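Each ligand, and each atom within it, is numbered from 1 in the order the structure gives. Counting begins at 1 with the first residue of the sequence. Just so you know, these numbers come straight off a predicted model, no measurement behind them.
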Amino acid sequence: MDKAGRIDPWSSEQSTDYDRIVSQFGLSSVNPDSLPNPGMLHRRGIVFGHRDLDVVVDCMSVGDPFGVLTGLMPSGRMHLGHSMVIDQVRWFQEQGADVTVAVADLEALATRGTSLAEGRETALREYVLNYAALGLDPDNTSVYFQSSRPAVQRLAFTLGQRTNLSEFEAIYGFNGETNLAHVQAPLVQVGDIVHPQMDEYGGLRPIVVPVGVDQDPHLRLTRDITQKSNWFNVKQRKSGGLTVALSIQDGNRSDLGVTDSGKVDMVSRKSMMANLESSIIDLGFSDVKSNPKHGTIEIPAATSADKFRIRMKLLSKERKMGGMGLLPPCSTYHRFAVGMTGDKMSSSKPESTIFMDDDVGVMTKKVKRAISGGQPTVEEHRRHGGDVSKDVAFQYLQFFFEDDDKALHEIQAEYESGRLLAGEIKQLCIDSATAWLSELSEKRAQWEDRVDEFLAPDAI
Ligand code: TRP
């Protein structure tokens, strides 16, 4: 993070002060016990924060539709760091989500100079093939390219109206020197994140975006923009219940009963409010008081648990009236695994991570050289034990290779007590990683000719 506490999504530095991030940006903590069939990353606190995850968890429990969206930068090789998001995508898919994958080929073109053709090639061979091998189900996965989905680009323009350079400066720290590619990319990403809610791409439903914290600025931007675009806001009332309030904007004045000169046109306002009121009554609330002049509707009996239902109703109403009717995205945040050499994992530093197609020999060398939490001598190690918080081998078992909690605890206890030596924990990691990589490589071979099954019609 920079001095102003900003997160730079393009930086090679990584923000790992997670407590500060949680409090500074108001993330909620993830409680694994509140999730159905929590995955390994949830159980281990690696997925540590979220925004509105409860919205999708509620969908899971009642069987309502929801989607998960992720994006990939088609440059470099896919490594373990990238696989963490896919693990979560697969978990959401198993809980009922449809999956949309954005290939950020425009972003790669603009910020890294990757040609679209090269981006396509890398996306399919390096990423989508591994996503298949990691177990995504092609039946409800849809991979598209930013460059060939005009709806996404259109949204980037339309929604760009709801923000300005000052907001970009506050969120990203941009200034006069900032390359405009870095101004365009976040807007296209906003388009990526919201477009699955459009009628042509699955319709109004919550969309969850699992990311590393480095991508949170984009989520904050998207949430802010969607909120500003909403025609109806739902607020908690001080005296209990909820209030619906109109949000008058350039594009909706006449729809919401405001004349060109800015006055309330009571006839049209009253009829639109009556219409709105009746859709709230349809939800089962009998005590509803509207104030057409102020453009508010009070629902005293509504609880915060009703908020989502009411919002969904209002958003679909907004759509019928000509608005976009967008929900803010839900998101989850995961901790980064340490790089094997101590700094950030990166495709440009092959020693810092394991690539999905590293062979066993290459992987073994990397693990053997990786930072250890062991003591300098066997004698000291037996006496003091190893430190799992520093040990790459242990952390890689925890993040990637050992999904059995009990086995992991045993390894930790043995290591901390000094019974298990640093070389031995590395060997355990190598053995598990060997099995993991071999399985992945077999799966890749099975999918090699079938990657197309994951592609959206506009990506073929
Ligand atoms: N900016 C992301 C990256 O650098 C890629 C991306 C594009 C993305 N669109 C997205 C990620 C939407 C999540 C959601 O990796």
Side-chain angles (χ1 to χ4, degrees), residues 7-15 47 50-51 67-89 92 97-114 116 119-120 122-123 126-128 130-131 136 141-149 151-153 155-156 159 168 171-172 179 181-198 201 206-223 225-226 326 328-334 336 344-348 353 456 459:
I7 296 174
D8 176 357
W10 297 281
S11 162
S12 55
E13 304 286 304
Q14 214 153 53
S15 323
V47 175
H50 74 90
R51 296 180 197 274
V68 54
L69 176 122
T70 187
L72 65 95
M73 196 63 150
S75 68
R77 293 164 68 193
M78 180 168 169
H79 58 63
L80 285 179
H82 300 122
S83 74
M84 294 177 72
V85 159
I86 302 311
D87 221 59
Q88 295 171 71
V89 169
F92 282 116
D98 60 87
V99 178
T100 309
V101 179
V103 176
D105 61 346
L106 290 179
E107 183 178 356
L109 174 71
T111 64
R112 305 198 178 168
T114 310
L116 295 180
R120 179 180 178 93
T122 304
E126 268 303 317
Y127 291 84
V128 182
N130 279 307
Y131 292 7
L136 291 197
T141 304
S142 175
V143 177
Y144 74 94
F145 294 84
Q146 286 176 334
S147 65
S148 46
R149 192 159 279 187
V152 164
Q153 299 164 36
L155 275 171
L159 294 171
F168 273 46
I171 295 183
Y172 300 100
N179 192 301
H182 284 212
V183 180
Q184 291 173 332
L187 284 172
V188 178
Q189 184 151 342
V190 170
D192 287 330
I193 294 172
V194 303
H195 91 282
Q197 297 182 41
M198 293 172 72
Y201 295 99
I207 301 293
V208 59
V209 189
V211 290
V213 276
D214 63 317
Q215 298 293 305
D216 187 50
H218 301 314
L219 283 145
R220 270 182 275 133
L221 176 68
T222 311
R223 290 175 69 86
I225 288 179
T226 51
L326 300 174
C330 313
S331 49
T332 62
Y333 303 88
H334 61 78
F336 297 106
K344 185 185 168 181
M345 280 189 184
S346 162
S347 310
S348 57
T353 186

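- Scanning Q189, Q215, M73, Q146 for the heavy atom closest to atom 10 (C) of ligand 1 points to Q189.
- Scanning all protein heavy atoms for the shortest distance to atom 13 (C) of ligand 1 gives G71 N, 3.5 Å.
- The closest donor-acceptor contact from the side chain of R51 to the backbone of P329 lies at 3.5 Å or more, if one exists at all.
- Taking CG of L221 as the start and OG1 of T226 as the end, the distance is 9.5 Å to the nearest 0.5 Å.
- With a 4.5 Å cut-off on side-chain heavy atoms, T332 and F92 count as touching.
- Short contacts between ligand 1 and L69, defined as distances under 4.0 Å to a heavy atom of the residue, involve ligand atoms 12 (C), 14 (C).
- Considering OG1 of T100 and OH of Y144, their distance stands at 7.5 Å, rounded to 0.5 Å.
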- Stepwise, does the side chain to side chain donor-acceptor pair (under 3.5 Å) test hold for R112 with S75? CA-CA 8 Å; R112 305 198 178 168; S75 68; 2.8 Å; yes

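- In this structure, atom 9 (N) of ligand 1 lies nearest to the protein heavy atom D192 OD2, 2.7 Å.
- Taking distance alone, with nitrogen or oxygen atoms compared against 3.5 Å, E107 approaches ligand 1 more closely than that limit.
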